[in-house]
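Here is the structure we will look at.
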Amino acid sequence: MARLRFELLKILLVDDNQHMRVLLTEILRAIGVKLIFEASDGAQALHILRGNPIDIVMTDLAMEPMDGIDFVRLLRNSEDSPNPMVPVIMITGHSTMRRVGEARDVGVTEFLSKPVTARGVIERITRVVDHPRAFVLSQAYFGPDRRRRQEPGHRGPFRRRTDKPTTDID
């Protein structure tokens with residue numbers, strides 16, 4: 001497999017904490033990313049996305065005035081969204097499982113836990129580039145497929161009309 005060329009990526013950092021943006025910028029520069037954009041809130045991030053072809057968004061969950069969940073909801077579902085299919089890596093500290101579930105349900109692609117490490121950043125970026133997830137559009141959801149594993153032997157319960165039970169061939 002070819003080595004990921006980090007120097008070609010355009011990454012947008014969205015965090016209301018300047019120190020976290022500086023830390024992430026330093027990590028990204030150390031691994032070779034050259035084009036890094038910064039936004040201190042979701043509204044500024046949407047403005048940057050309208051003017052730049054961003055490859056990956058890295059956003060904090062807990063921000064003011066617009067948190068990461070509301071930002072991703074707008075990014076995925078707003079009619080004037082500049083790039084509803086851009087991969088989003090959500091950075092989270094001490095969040096509850098309920099909040100992580102909410103983030104997943106609005107269309108977050110990957111999660112990165114604090115404290116942030118270079119290894120974690122490299123792993124998440126590599127995952128979204130090398131293993132892109134198909135997007136799902138339904139009445140209640142638009143975003144990357146939330147199913148992480150394919151289980152060919154799964155027999156149910158089935159939640160989608162297109163799901164079909166597998167049959168054993170002896």
Side-chain angles (χ1 to χ4, degrees), residues 1-78 80-133 135 142-146 148-149:
M1 182 181 294
R3 184 183 148 280
L4 180 58
R5 297 189 56 200
F6 289 99
E7 70 274 10
L8 299 178
L9 294 175
K10 293 175 274 318
I11 297 180
L12 171 60
L13 304 177
V14 188
D15 199 315
D16 60 351
N17 182 324
Q18 182 182 1
H19 298 293
M20 182 57 77
R21 291 194 317 267
V22 168
L23 172 67
L24 286 167
T25 297
E26 291 303 317
I27 290 171
L28 292 171
R29 289 204 191 292
I31 64 173
V33 178
K34 291 183 171 40
L35 291 172
I36 303 166
F37 298 83
E38 293 185 29
S40 59
D41 62 42
Q44 187 180 22
L46 290 169
H47 179 74
I48 290 170
L49 282 159
R50 283 187 181 91
N52 300 281
I54 300 297
D55 297 310
I56 298 171
V57 173
M58 298 179 76
T59 184
D60 191 31
L61 188 145
M63 296 187 294
E64 294 290 337
M66 178 190 300
D67 71 10
I69 290 172
D70 291 334
F71 164 63
V72 175
R73 183 180 293 116
L74 275 173
L75 178 64
R76 295 287 187 233
N77 298 304
S78 178
D80 67 339
S81 174
N83 188 353
M85 294 177 69
V86 66
V88 176
I89 299 170
M90 174 81 51
I91 302 165
T92 178
H94 46 73
S95 186
T96 65
M97 286 305 293
R98 180 184 63 80
R99 293 290 281 166
V100 170
E102 282 180 69
R104 181 205 62 210
D105 290 345
V106 297
V108 168
T109 312
E110 289 291 338
F111 290 91
L112 178 61
S113 295
K114 292 178 183 175
V116 173
T117 64
R119 170 183 259 169
V121 170
I122 292 167
E123 286 174 357
R124 294 325 176 284
I125 291 173
T126 301
R127 194 176 300 159
V128 300
V129 172
D130 287 347
H131 305 286
R133 291 171 39 209
F135 269 63
F142 175 70
D145 191 341
R146 295 175 282 195
R148 294 220 176 238
R149 301 183 297 271

Checking side-chain polar atoms at under 3.5 Å, does T25 have a donor or acceptor matched by the opposite partner on E38? yes
Hey, what do you get for CD (E123) to CG (L112), rounding to the nearest 0.5 Å? 9.0 Å
Partner set under side chain to side chain contact (heavy atoms under 4.5 Å, CB included) for E64, not counting sequence neighbours: D16
Q18 side, atom CD; L23 side, atom CG - distance, nearest 0.5 Å: 12.5 Å
Step-by-step side chain to side chain contact (heavy atoms under 4.5 Å, CB included) determination, R76 to V88: CA-CA 10 Å; R76 295 287 187 233; V88 176; 3.6 Å; yes
State plainly whether the residues E102 and R98 are in salt-bridge range, i.e. N to O under 4.0 Å. yes
Check whether any side-chain heavy atom of T92 sits under 4.5 Å from a side-chain heavy atom of K114, and report yes or no. no
Kindly indicate whether the side chain of R21, heavy atoms from C-beta on, has any atom under 4.5 Å from the side chain of S40. yes
Are there over 12 heavy-atom neighbours, none belonging to E7, within less than 6.0 Å of that residue's CD? yes
Can you give each donor-acceptor pair under 3.5 Å made by side-chain atoms of residues 47-57, sequence neighbours left out, with the distance rounded to 0.1 Å?
{"residue": "R50", "atom": "NH1", "partner": "L46", "partner atom": "O", "Å": "3.4"}
{"residue": "R50", "atom": "NH2", "partner": "D80", "partner atom": "OD2", "Å": "3.2"}
{"residue": "N52", "atom": "ND2", "partner": "I48", "partner atom": "O", "Å": "2.9"}
{"residue": "D55", "atom": "OD2", "partner": "K10", "partner atom": "N", "Å": "2.8"}

For side chain to side chain contact (heavy atoms under 4.5 Å, CB included), just list the numbers for L75 and V86, CA-CA rounded to whole Å, side-chain angles, deciding distance to a tenth of an Å, and then say yes or no. CA-CA 9 Å; L75 178 64; V86 66; 3.6 Å; yes
In short, F135 meets P84 closest at the heavy-atom pair CE2-O, 3.8 Å
Decide yes or no for V121 and M58: does some side-chain heavy atom of the first lie under 4.5 Å from some side-chain heavy atom of the second? yes
May I have the step-by-step check of side chain to side chain contact (heavy atoms under 4.5 Å, CB included) for Q44 and L12, ending in yes or no? CA-CA 11 Å; Q44 187 180 22; L12 171 60; over 6 Å; no
Any chance you could measure E110, atom CD, to R124, atom CZ, to the nearest 0.5 Å? 6.5 Å
Between M63 and D15, which heavy-atom pair has the shortest distance, and what is it? SD-CA, 3.6 Å
Looking at side-chain heavy atoms only, is the closest gap between I11 and I125 below 4.5 Å? yes
At their closest point, which heavy atom of G42 faces which heavy atom of V14, and how far apart are they? N-CG1, 4.2 Å
If every non-hydrogen atom of F6 is compared with every non-hydrogen atom of I31, which pair is closest and at what distance? CB-O, 3.4 Å
Taking the side chain as C-beta and beyond, is there a heavy-atom pair between T126 and V129 under 4.5 Å? no
For G107 and P144, the nearest pair of non-hydrogen atoms, with its separation, is O-CD, 3.3 Å
Close side-chain approach of I91 and L24, heavy atoms under 4.5 Å: yes
Where do L61 and D67 land on the side chain to side chain contact (heavy atoms under 4.5 Å, CB included) test, with the steps shown first? CA-CA 6 Å; L61 188 145; D67 71 10; 5.6 Å; no
I'd like to check R73 versus I69 (side-chain heavy atoms, cut-off strictly below 4.5 Å). Are they in contact? yes
Which atom of A45 lies closest to which atom of F71, heavy atoms considered: CB-CE1, 3.6 Å
